[in-house]
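Here is the structure we will look at.
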Amino acid sequence: MLKIYNTLTRKKEIFKPRIEGKVGMYVCGMTVYDYCHIGHARVMVVFDTVARYIRDSGYELTYVRNITDIDDKIIHRANENGEDFNLLTARFIEAMHEDERALGVLPPDIEPKATQSIDDIVAMIETLIINGLAYVGGNGDVFYAVAKFKNYGRLSGKNLEDLQAGERVDVDLAKRNPLDFVLWKMAKPEEPSWESPWGAGRPGWHIECSAMSTCCLGNHFDIHGGGMDLQFPHHENEIAQSEGATGETFVNLWMHNGFVRINEEKMSKSLGNFFTVREVLKQYKPEIIRFFILSSHYRSPLNYADEQLNDAGSALKRLYTALRGVTIAEPGADLNELDALSVRVLDETRECMSAFRKKFKDAMDDDFNTPVALSVLFDLARELNKVKESEYLVAEVLAVTLTELGSVLGLLQDEPDDFLKSGAVDDESLTTEAIEQQIQARLEAKQAKNWALADQLRDELRVQGVVLEDVPNGTTSWRRE
RNA sequence: GGCUGCGUAGCAAAACGGUUAUGCAGUGGCCUGCAAAGCCAUCUACGGCGGUUCGACUCCGCCCGCAGCCUCCA
């Protein structure tokens, strides 16, 4: 029974989709004017994992994640570069997709863009005006009249009085109320614009998500997610817009992931303390980053530090090492050829597997508790290591289970040897052939009982980041550190 | 100032009103020519002070410390 923490109620709730068996989920994606940083990677990985698990639990999921490809920052950056904003956004959309693929993030089912949703946006603003919730301000911009929406502040736990009391240096005389926000922004000369009943302009920041989510998923859908910082004002405004326009409940369940931090401080563009995904990928394999993200609960802060990335690498190495050398059997293959003893052992193993699967499921059902789910993978790895040499059939079953549970988290889908033998970056300094040659030379030295030479050859590789492991059958395997 | 949330062993990170989390690191042992990997064993905990309870890391109160939101931000 899946339970999810709902920001709206500040409680874990039993998840019940509006339509049995079907789930609609919308996640606020990127504003594409720069490369994704690790904070963005967290959103992508977290909700990718949520999507995978919802599907794994048997639901038919429609996962929508938008791209905001028009806003002030985009225009500003395009002007800086002296290029058309469409070229800028196209470039960073492509970069974002590259980062996602690297991190094992599956594409959402629908990826709407703001610039392709202008008609829906305009239509929604018109409805808001008709409903008396929006007005044309003194400067021609269209604003949302926050005070007209009764539940404003409910999601973020704020009320209008407190917000108004807060120190706002917003002296925008075009607005009736300083808290009112822009729905449609009139274009200045040279700015990209679209025609509308209020003149040429562009959508405000929040309206595109209201338009795109309701268009893709209907007026009322199950899950809406994003980073913590979007709670206010972005998601609050989305609720005001969508519910104000449709008159229906907008979203049942709001999910917000915690921040990535550096030295106990939020990673953000304004603080300038961020690492882009592609920078980090130069140093660590993508799966290590994914593991690192999943090693803490999605609502907790996640501190970015080399030590932790290195630990994540060691942890992943342990899992892949356990899988190494165990071929994954076709499910159900050749069962008839097994003797009675094997069948009995396998039956017992399967029972044991269902206990592991249950523990994994219980963890994920508890608001996507990935740290506990990961611990189950390590429990499996330990069992696997124990029986690997002695009971091969059991080992196969364990390996299948480990790989399957890993896939729910988007992990352990590589060939173990591929993972273990690859470095963070493709470095051509030491080829596989050269390593194999060195190993061969060492084996010969070993056979001649020339331990000094054998150790020297091993140390030489060690210095270059290659670790040798002698296998009982006389061969030697290796991995890169 | 208002509103959220957090404080667990050397590091990271969970659960749970009474029973091994887990990973990395450490220590001892097994294995190994020696290692590595692996297995077994083992040491480091629950910010402080009170309260509830037979019993609290877990519930309640206060205090201290930290972070986030209240302005663009995943």
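Each chain gets a letter, A, B and so on, in the order the sequences are listed, and its residues count up from 1. Everything numeric in this text was worked out from a predicted model, so none of it was measured.
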Residue [X], side-chain atoms from C-beta onward, closest of [options]:
| X | options | result |
| --- | --- | --- |
| A/Asn369 | B/A14, B/C34, B/C72 | B/A14 |
| A/Leu163 | B/A74, B/C70, B/A37 | B/C70 |
| A/Asp229 | B/A14, B/A74, B/G2 | B/A74 |
| A/Pro233 | B/C70, B/G68, B/G2 | B/C70 |
| A/Phe378 | B/A14, B/C70, B/U22 | B/U22 |
| A/Ala315 | B/G23, B/C24, B/C70 | B/G23 |
| A/Val260 | B/C24, B/A74, B/A14 | B/A74 |
| A/Val467 | B/A36, B/U22, B/G33 | B/A36 |
| A/Arg479 | B/G68, B/A36, B/C11 | B/A36 |
| A/Phe232 | B/A37, B/A74, B/C70 | B/C70 |

task = Tell me whether the guanidinium CZ or amine NZ of A/Lys3 lies under 6.0 angstrom from the six-membered ring centre of A/Phe368 and within 45° of its axis.
result = no
A/Arg299 charged N/C atom sitting above A/Tyr5 aromatic ring, 6.0 Å / 45° = yes
Applying a 4.0 Å non-hydrogen cut-off, can you work out what [X] is touching in the nucleic acid: base, sugar-phosphate, or nothing?
| X | value |
| --- | --- |
| A/Asp470 | base |
| A/Val27 | nothing |
| A/Lys73 | sugar-phosphate |
| A/Met44 | nothing |
| A/Glu307 | sugar-phosphate |
| A/Leu230 | sugar-phosphate |
| A/Asp71 | nothing |
| A/Gly39 | base |
| A/Ser295 | sugar-phosphate |
| A/His234 | nothing |
| A/Arg442 | base |

Find the partner of [N]: check Watson-Crick (N1-N3 plus N6-O4 or O6-N4) and G-U wobble (N1-O2, O6-N3) distances, both under 3.5 Å, and reply none if neither fits.
| N | answer |
| --- | --- |
| B/C57 | none |
| B/A15 | none |
| B/A67 | B/U4 |
| B/U27 | B/A41 |

Check this for me: does the side-chain of [X] come within 3.5 Å of the base of [N] through a donor and an acceptor?
| X | N | result |
| --- | --- | --- |
| A/Asp455 | B/G33 | yes |
| A/Arg458 | B/A35 | yes |
| A/Asn303 | B/C11 | no |
| A/Lys269 | B/C72 | no |

Residue-phosphate contact under 4.0 Å: [X] side-chain N/O, [N] OP1/OP2:
| X | N | result |
| --- | --- | --- |
| A/Lys317 | B/G23 | no |
| A/Lys386 | B/C40 | yes |
| A/Ser300 | B/A14 | yes |
| A/Arg318 | B/G38 | yes |
| A/Arg382 | B/C40 | yes |
| A/Asn385 | B/C39 | yes |

Provide the distance between the two [atom1] atoms, one in [N] and one in [M], to the nearest whole Å.
| N | M | atom1 | result |
| --- | --- | --- | --- |
| B/A12 | B/U44 | C1' | 15 Å |
| B/G10 | B/A25 | C1' | 7 Å |
| B/U58 | B/C43 | C1' | 24 Å |
| B/A35 | B/C31 | C1' | 12 Å |
| B/G29 | B/C16 | P | 39 Å |
| B/C49 | B/A41 | P | 35 Å |

Rounded interatomic separation in angstrom, taking [atom1] from [X] and [atom2] from [N]:
| X | N | atom1 | atom2 | result |
| --- | --- | --- | --- | --- |
| A/Met228 | B/C6 | CE | P | 10 Å |
| A/Arg299 | B/A67 | CZ | P | 21 Å |
| A/Glu469 | B/A36 | CD | C1' | 5 Å |
| A/Phe291 | B/C24 | CZ | P | 9 Å |
| A/Arg324 | B/G38 | CZ | P | 9 Å |
| A/Glu236 | B/U71 | CD | C1' | 16 Å |
| A/Leu453 | B/G33 | CG | P | 18 Å |
| A/Gln308 | B/A12 | CD | P | 6 Å |

inquiry  = Would the distance check show the side chain of A/Glu265 and the main-chain N or O of A/Ile262 forming a donor-acceptor pair, the cut-off being under 3.5 Å?
reply    = no
inquiry  = So does A/Gly153 get a backbone contact from the side chain of A/Glu236, meaning a donor-acceptor N/O pair under 3.5 Å?
reply    =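 Yes: the side chain of A/Glu236 pairs with the backbone of A/Gly153.
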Looking at the rings of [X] and [Y], which for Trp means the six-membered one, are their centres under 6.0 Å apart?
| X | Y | answer |
| --- | --- | --- |
| A/Tyr35 | A/Phe92 | yes |
| A/Tyr26 | A/Tyr63 | no |
| A/His235 | A/His206 | no |

inquiry  = As a quick check of understanding, evaluate ring pair (Phe, Tyr, Trp, His ring centres under 6.0 Å) for A/Phe250 and A/Phe221, giving each step before the final call.
reply    = CA-CA 7 Å; A/Phe250 179 39; A/Phe221 57 93; 5.3 Å; yes
note = Of A/His40 and A/Ser375, the one whose closest nucleotide on RNA chain B sits nearer the 5' end is A/Ser375
query = Want to settle it: does A/Tyr5 or A/Ser268 sit nearer the 5' end of RNA chain B, counting the closest nucleotide to each?
reply = A/Tyr5
request  = Give the minimum heavy-atom separation between A/Pro416 and A/Arg324, together with the two atoms involved.
outcome  =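 In this case the closest contact between A/Pro416 and A/Arg324 is CB-CA, 3.8 Å.
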task = Decide ring pair (Phe, Tyr, Trp, His ring centres under 6.0 Å) for A/Phe275 and A/Tyr304; before the verdict, give the C-alpha distance in whole Å, the side-chain angles of both, and the deciding distance to 0.1 Å.
result = CA-CA 9 Å; A/Phe275 292 92; A/Tyr304 181 91; 4.9 Å; yes
